[in-house]
2 protein chains.
Amino acid sequence: MGTADVTEETANGEEKPWGEVTPEAARRLLVAAVEAFAERGYHATTTRDIAGRAGMSPAALYIHYKTKEELLHRISRIGHDKALEILRSAAEAEGSAAERLSAAVRSFVRWHAGHHTTARVVQYELDALGAGHRTEIVELRRQSDAAVRRILNEGVAAGEFDVPDVPGTTLAVLSLCIDVARWFNTEGRRTPDEVGALYADLVLRMVGVQK
Amino acid sequence: MGTADVTEETANGEEKPWGEVTPEAARRLLVAAVEAFAERGYHATTTRDIAGRAGMSPAALYIHYKTKEELLHRISRIGHDKALEILRSAAEAEGSAAERLSAAVRSFVRWHAGHHTTARVVQYELDALGAGHRTEIVELRRQSDAAVRRILNEGVAAGEFDVPDVPGTTLAVLSLCIDVARWFNTEGRRTPDEVGALYADLVLRMVGVQK
DNA sequence: ACAGGCTCTAAGCGCTTGCTCACCTTCGGG
DNA sequence: CCCGAAGGTGAGCAAGCGCTTAGAGCCTGT
C-alpha cells in the first residue's frame, strides 16, 4: 500500500518530493514556487518567474491555482503537516523522555537542514498568507509546540530533566531548530545528519541531562 | 561628553532611538521605514507607505535617500553596529568566561526582544540588500561570530566549559539569540529582561556550566 | 530687500505586477 | 468521426510600483 510520507520513491530509488501533488503540471509549478520563494521571498517572486521555472506561460499558473497566495498556502500547509508529523511520531515513540526528545530534535533538525528551501518558505513566509489561511497554519504550529512541551513535562515528572521554565524552554528548543532553515546551506561544511546530532546533544544539555 | 549609544536621552528621560540620524525629517523617514519593514517585509513595503507614516509626500523620501534600498542599508548598518558593540563589550569585559558569556547572551537577547522591530529588519531582510551593501554587512556578522567564538574558546581553555564543537555551538548560540526577534511580541507574557535571563541560563547549560 | 539654497509637494513617467480572456491543441468515449 | 472537457498559450488590462521633475514655500546672510 502507499505510504503517508510526502515523498515517494521512483523506480531508481531517487526521492521525488511533493509526489502527492497532482496533476504533474501543478506539481512542477509548486516545486518552482518553493525554489523561487526560498531564494527571493514571496513578495519578491513574480508569477512570471514561477511559471518560467516550470517551463510554462504565466497564464498556466491560474489553471491549477486561483492565486499566488493559494500556492504559498499549499506549500505551507503540506510543509507544516510534515513537520508536525515528525515531531508527533518522535513524541509518541517508546523510550525515556530523553531518548524521545533527542530523537525529536534530531529528525526535526534533519528535515529543516535537508529540506531547507521548503523549510525557509514554511517558517519565514507566514506573514504573507491571508488572514484565514494564516490562522489555520498557526493552529498547526500550536500543536507542534504542544508536542515538544509534552516531552519536557514528562521528563520533568519522571525526574529525568531539570527544567525550571518548561514553556520558555519549549519555545527556545523549537526556535533553535526552526532557525536552522535560515542559516543552513548546502555548500556548508555540515551535513543535515551532523547538525541534527549536534543539536540533539545541545538540547539534552539545556534540559539538564548528563552524558 | 556624548555617549556612543545609538539611543539618546531626552530631557524627561524618555528614550529617543535613532537620535544619531539627522536631519529630523530623515530620522522620521527612517523610523517609519523600520516599522513598515518589520510589519510587512521590505519587498511588501512601498515608498508611499513609508512617506505616509512619516507624514510626508512620496517624493520627500528621495531628498534624504537615493533609493529605498539605501534606507534599508542605513537601518541594517546602524543595527548591526549596535548588535556587534553589545557582543564586543561583553566579550572584552572582566570576569570568567562563564560570566562574560552569560552577560553577552543576556544583553544581546534583551536588545533583540526590546528592539524586536528593528532587529527583525536587521536580521531577516539581509537578502534584500544590494550585492555591495550585503557583503559589507556580512563582514559585520562574521565579527559577531568571532566575538562569541572567542569567549567559548577561552572558556574551554580555562577548563570552565565542556564544548566538543566550538564553531557549531557558536552558530547555535547566535542562532538562538537572533531568532528571538522573530517570535518576540510586546503583548506576550515575558519582558525582554526575563527572556534574557532565561536564555543566559540555557546557554550556560549548553556549554556545560553547572549551577 | 532679496538672492540663493534647502526642503517639500503635485503630478506623472515608464515599467512591472497579479490576473484575465479569447482562442488553440490534445485526447478518450459514443 | 466528431464531441466536449481539460490543459495550455499570446496578448493585454487595470492597478500599483520606484523614482523624477518643475516649481512653490521658507529660512538665512548680506
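Computation of the quantities below employed the complete heavy-atom set of this structure, encompassing side-chain atoms and omitting hydrogens, waters and symmetry-equivalent molecules. None of these values were measured; they are calculated from a predicted model. Naming: A, B, ... by sequence-line order, numbering from 1 per chain.
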Selection residues 122-131 of chain A - residue pairs positive for side chain to side chain donor-acceptor pair (under 3.5 Å), sequence neighbours left out | A/H112-A/Q123, A/Q123-A/R141, A/Y124-A/D179
Please collect all side chain to side chain donor-acceptor pair (under 3.5 Å) contacts where either partner lies in residues 183-193 of chain B, sequence neighbours excluded, each pair once.
->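 Only A/D165-B/R190, B/R110-B/D193, B/N185-B/E187 qualify under side chain to side chain donor-acceptor pair (under 3.5 Å).
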Could you write nucleotides 21-27 of chain D as a row of B, S and -, 5' to 3', where a protein heavy atom under 4.0 Å of any base atom gives B, of only sugar-phosphate atoms gives S, and otherwise -?
-> B------
Those residues at least two apart in sequence (or on a different chain) that pass ring pair (Phe, Tyr, Trp, His ring centres under 6.0 Å) with A/F37 are A/Y42
Separation of [N] [atom2] from [X] [atom1] (nearest whole Å):
X: A/M56; N: D/dG8; atom1: CE; atom2: P; value: 4 Å
X: A/H64; N: D/dG8; atom1: NE2; atom2: C1'; value: 8 Å
X: B/L71; N: D/dC19; atom1: CG; atom2: P; value: 10 Å
X: A/R27; N: D/dG7; atom1: CZ; atom2: C1'; value: 17 Å

More than 12 heavy atoms of other groups within 6.0 Å of A/R150 CZ = no
For DNA chain D, what residues of residues 37-52 of chain A have any heavy atom nearer than 4.0 Å?
->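 The answer is A/R48.
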Before accepting this row, confirm whether a basic side-chain N of the pair B/R142/B/E139 lies closer than 4.0 Å to the acidic partner's carboxylate O.
->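 Counted as a salt bridge, because a side-chain N and a carboxylate O are separated by less than 4.0 Å.
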Are A/E20 and A/K82 within salt-bridge range, i.e. N to O under 4.0 Å?
->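 The answer is no: the pair does not qualify as a salt bridge.
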Over all heavy atoms of both residues, which pair between A/A54 and A/A32 is shortest? Give the atoms and the distance, please.
-> N-CB, 4.0 Å
If every non-hydrogen atom of A/F108 is compared with every non-hydrogen atom of A/I178, which pair is closest and at what distance?
-> CE2-CG1, 4.3 Å
Can you measure from SG (B/C177) to CG (A/L176) and round to the nearest 0.5 angstrom?
->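 Answer rounded to 0.5 Å: 10.0 Å.
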Out of curiosity, B/L29 CG to B/R74 CZ, how far, rounded to the nearest 0.5 Å?
-> 11.5 Å
First and last nucleotide of DNA chain C touching chain B, 5' to 3', heavy-atom cut-off 4.0 Å?
-> C/dC8 to C/dG12
